[in-house]
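All ligand and atom numbering here is 1-based and tracks the order in the structure.
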Amino acid sequence: MGALTPLVSDITATGLSLVADVTAEELGLVETDAMLRGPVSVSLDLAQADEMIAVTGVLEGTVVRQCVRCLKEYDDALAFSVHAAFAREGKDNKVVARQPKPGESRRGRAASTKTEPDVEAEDEGDDRYFYQGDHIELAPMLREHIILASPMQPLCREKCAGLCVRCGKDLNEGPCQCPAEAPSTTIRVIRTTKN
Ligand SMILES: [Zn+2]
Ligand SMILES: [Zn+2]
């Protein structure tokens, strides 16, 4: 039980404010997800709204990324707003979330080949999560947000010159000794003679 598992009963009509510095470990974040430089600070407001718990706030921290061009590691500021809604997982809740419910009786033998449409939950246009019991788990939601905030092609700087493809020198530090466009790289036209 920590800052990331608030009790639902603590979320009163006036809401609950949650401010904490959390580590990668507390977020369940592993290095292949994102490498955090120290803990991240989260500032969240939790409020009861329409049978749901609305979570809004910000997350800030620093992530170590590797540039796709020069392969150097660099610190990247992480800052984004969080918008999520948690619904109680119950019998009358037809929306199937990420975890399949083991006791689901709807799935008959005949329908076993039919796959549930995955888009169902995404149609909400809202980051929706579920909670069970007396507390909500914020860590998986925050972890997901951090992963989604990672760029596909991280660059240490917008105009990173990258590495020389031949000698491997970091061209941000200056030009290498390789001849500029050596003749060997020009396309050789191979003539085929018909016999
Ligand atoms: Zn770079
Ligand atoms: Zn070179």
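In this structure, Arg65 contributes its side chain and Tyr74 its backbone to no donor-acceptor pair below 3.5 Å.
Between the SG atom of Cys156 and the SG atom of Cys67, the angle centred on the Zn ion (ligand 1) amounts to 110° when rounded to 10°.
Atom CZ in Arg69 sits 11.0 Å away from atom CG in Leu163 (nearest 0.5 Å).
A donor atom on one side chain and an acceptor atom on the other are not found under 3.5 Å apart for Asp45 and Thr56.
Taking a cutoff of 4.0 Å between a charged side-chain nitrogen and a carboxylate oxygen, Arg37 and Glu73 do not qualify as a salt bridge.
Protein atoms that are N, O or S and lie under 2.8 Å from the Zn ion (ligand 2) are these: Cys164 SG, Cys167 SG, Cys176 SG, Cys178 SG.
No side-chain heavy atom of Ile136 sits less than 4.5 Å from a side-chain heavy atom of Thr5.
When ring centroids are compared, Tyr129 and Phe86 come within the 6.0 Å threshold.
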